[in-house]
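Heads up, the thing below is written out as structure tokens.
For clarity, every value in this text was computed on a predicted model and none was experimentally measured. Residue indices begin at 1 and follow the sequence shown.
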Amino acid sequence: MDRRIQELIDFTRKKFGLENYRLQRHRLYRDVNIFNETVYTLCMEWFPAHVTEHEDDGSNPEGTAVIEIDLNSNKFARVIFVEGKSYSQDGISFVNSKINDIIQWIERETGLKYGKHFKLHKESEGELLFNACYEGVAVSPAGFIEVKFDQEGKLTLFSCQGQFPSEEMVKEETYALSLETVEHLAKEQLKLVEFPSYEQKKLIPVYAVEEIYVTNDGKSVFPYERIAAGRPYLKIDQTIYWDQPINEPLNRKEIRWFEDVTAEQAFSFEPSPDSFPITKAEQEKCMFAVMDFLRREYPNDTGKWILKTLHRDKGYILASLMANRQDNHVFQRKMTVMIDTKNFQAVNYIDNNKLLSKFFDQFQTLDKVTIDKEEAYEKIKKFYELKPLYFYDFAQKQYILCGKLDCRYGVNASNGEVIDLNDL
């Protein structure tokens, strides 16, 4: 075993009090974050010493400690004791489970400062959930810290995921937005959407607000979909057309999502191929690959699909497609095509059509729309929310101050009733 890995294993055993455990397996993996940085992680699975037999089905027995350490920072990213059971001795525990003690431990463990980099979101028995922030202002994409502990105060889960922006990454401004200054956007973002009602077994037409982020000068907006991928991507937004189909189906291949990462790669912090930009030539090859795929699998759909984005993932380039004409369903028709970068051919795909059909087919009836958008806006405008938020702009490679425009309420378009969307 590599000496550096052994040192981390020994350190982990001591820190978390794993004398009653044995290291069952470990592996290295890497990923690319939203800043296009390659992050290497050592994942260890520690089995309780008394477990001598277990099913080799990928599951872990009760009390197993799954621990991940970020090699770039040498900080622990995730600690999970399976089913909340810990057999640790002299490990991490919180006497009397005082929240201030837990916050101080998080600060020591992560190097983050409470109030500046993270704030409490939810507290319940044996569990604390924190959200990332910058000087108390929310950030997007979000970061999360979660801590769980048992009745004895023993740590049973710690997770620090996502981004917590540093001062150098943030363009600080004085917040200048108000609902009055963005009223034109507030009206524009009110959309008619069909929500499924399981209780009534039908679709309910609802005027609801489509969440957006408005720049502090009020001149630009970022749609929510910009952050959904969680990693850098190349925006394409091009409709795909063709003249002739290909009368031969795609030969789908199984995708291997796990890389074999060596200690040499990890400790030299070799950049992942996923962090390399997609060149113009690769972009064109991907366009042809997507077109050929559609000509095989959807031969009659010329002009019906938009290639939205391209991004790298585990040696493949993933093409995100959206149907050109969408209905009013709350969930929309999408597709992901996996392209092999060795020959730039599509090798597999995921289409959410079957899932959507299965989901919406059980809701056969749709209430009739009886009020228009103007009426709905007048009913709902007092419930709009515009909150300051630091949004990561991939173009500027910086967090910029925005206002998050959203509303938790909607208007039932069949009867004009204002409803909480969480109740649907």
Side-chain angles (χ1 to χ4, degrees), residues 1-31 39-99 101-111 122-130 144-162 257-263 266-267:
M1 183 183 295
D2 185 276
R3 172 186 55 81
R4 294 161 294 187
I5 291 180
Q6 186 63 58
E7 288 175 355
L8 290 172
I9 290 172
D10 294 341
F11 175 65
T12 301
R13 183 190 296 273
K14 183 176 181 181
K15 180 179 179 70
F16 292 99
L18 303 177
E19 295 306 316
N20 293 330
Y21 284 79
R22 69 175 186 277
L23 183 65
Q24 181 71 13
R25 48 183 169 252
H26 70 279
R27 71 179 182 92
L28 292 164
Y29 68 90
R30 63 185 175 188
D31 207 349
V39 179
Y40 282 89
T41 302
L42 172 64
C43 179
M44 298 161 275
E45 296 178 37
W46 299 80
F47 277 20
H50 65 265
V51 176
T52 56
E53 295 182 8
H54 72 282
E55 296 294 329
D56 191 18
D57 58 359
S59 64
N60 288 322
E62 180 188 73
T64 297
V66 181
I67 301 177
E68 295 183 353
I69 184 168
D70 180 339
L71 300 186
N72 301 58
S73 63
N74 266 348
K75 297 184 184 301
F76 289 92
R78 189 182 283 116
V79 179
I80 301 172
F81 286 88
V82 173
E83 295 184 34
K85 179 66 177 178
S86 171
Y87 296 101
S88 63
Q89 287 188 336
D90 300 321
I92 306 298
S93 62
F94 307 108
V95 179
N96 299 323
S97 307
K98 292 182 179 178
I99 186 170
D101 293 340
I102 296 172
I103 288 173
Q104 289 175 11
W105 177 79
I106 292 172
E107 290 181 326
R108 292 193 301 270
E109 196 64 33
T110 63
K122 184 180 178 182
E123 179 182 4
S124 55
E125 186 176 354
E127 182 177 3
L128 295 170
L129 181 62
F130 303 86
F144 304 95
I145 297 173
E146 188 175 8
V147 176
K148 290 183 180 181
F149 45 91
D150 62 18
Q151 292 181 341
E152 299 174 11
K154 282 186 177 183
L155 180 74
T156 58
L157 183 145
F158 167 69
S159 179
C160 182
Q161 303 295 312
W257 291 115
F258 293 100
E259 292 181 289
D260 296 318
V261 176
T262 67
F267 289 102

Practice item. Please assess Thr41 against Arg78 for the test side chain to side chain contact (heavy atoms under 4.5 Å, CB included), listing each intermediate value before the final yes or no. Key: CA-CA 10 Å; Thr41 302; Arg78 189 182 283 116; over 6 Å; no

Review point. When you measure from the side chain of Ser159 to the backbone N and O of Glu146, does any donor-acceptor pair fall under 3.5 Å?
Key: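 No: the side chain of Ser159 does not pair with the backbone of Glu146.
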
Exercise for review: Using atom types as modelled and distance alone, determine if a side-chain donor or acceptor of Gln161 lies under 3.5 Å from a backbone N or O of Ala77.
Suggested key: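 Looks like yes, one N/O pair under 3.5 Å.
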
Mind checking the [atom1]-[atom2] spacing from [X] to [Y]? Nearest 0.5 Å is all I need.
X	Y	atom1	atom2	result
Leu18	Phe81	CG	CZ	5.5 Å
Phe267	Leu8	CZ	CG	5.0 Å
Asp260	Arg27	CG	CZ	10.0 Å
Glu68	Leu42	CD	CG	9.0 Å
Met44	His26	CE	NE2	9.0 Å
Asp31	Asp70	CG	CG	11.0 Å

Quick check: closest heavy atoms across [X] and [Y], and the distance to 0.1 Å?
X	Y	result
Lys75	Glu109	CD-O, 3.7 Å
Ile5	Met1	CG2-SD, 3.9 Å
Val95	Asp101	O-OD2, 4.0 Å

Review point. Could you go step by step and tell me if Arg13 and Glu19 meet the side chain to side chain contact (heavy atoms under 4.5 Å, CB included) rule?
Key: CA-CA 7 Å; Arg13 183 190 296 273; Glu19 295 306 316; 3.7 Å; yes

Heavy-atom count check: over 12 atoms from other residues, nucleotides or ligands less than 6.0 Å from [X] [atom1]?
X	atom1	value
Lys14	NZ	no
Glu125	CD	no
Gln151	CD	no

With side chains defined as the heavy atoms from C-beta onward, is the minimum distance between [X] and [Y] less than 4.5 Å?
X	Y	value
Thr64	Pro48	yes
Leu71	Ile69	yes
Ile99	Phe94	no

Exercise for review: Quick one: do Tyr40 and Leu28 satisfy side chain to side chain contact (heavy atoms under 4.5 Å, CB included)? Show the steps, please.
Suggested key: CA-CA 7 Å; Tyr40 282 89; Leu28 292 164; 5.8 Å; no

Practice item. Test Val147 against Phe158 for side chain to side chain contact (heavy atoms under 4.5 Å, CB included), laying out the working first. Key: CA-CA 5 Å; Val147 176; Phe158 167 69; 4.0 Å; yes

Practice item. Report the C-alpha separation of Phe16 and Tyr21 in whole Å, then their side-chain angles, then the decisive distance to 0.1 Å, and conclude whether the ring pair (Phe, Tyr, Trp, His ring centres under 6.0 Å) test is met. Key: CA-CA 10 Å; Phe16 292 99; Tyr21 284 79; over 10 Å; no

Solution key, residues 82-92 side-chain donor-acceptor pairs under 3.5 Å, sequence neighbours excluded:
from	atom 1	to	atom 2	distance (Å)
Ser86	OG	Ser88	N	3.2
Ser86	OG	Ser88	OG	2.8

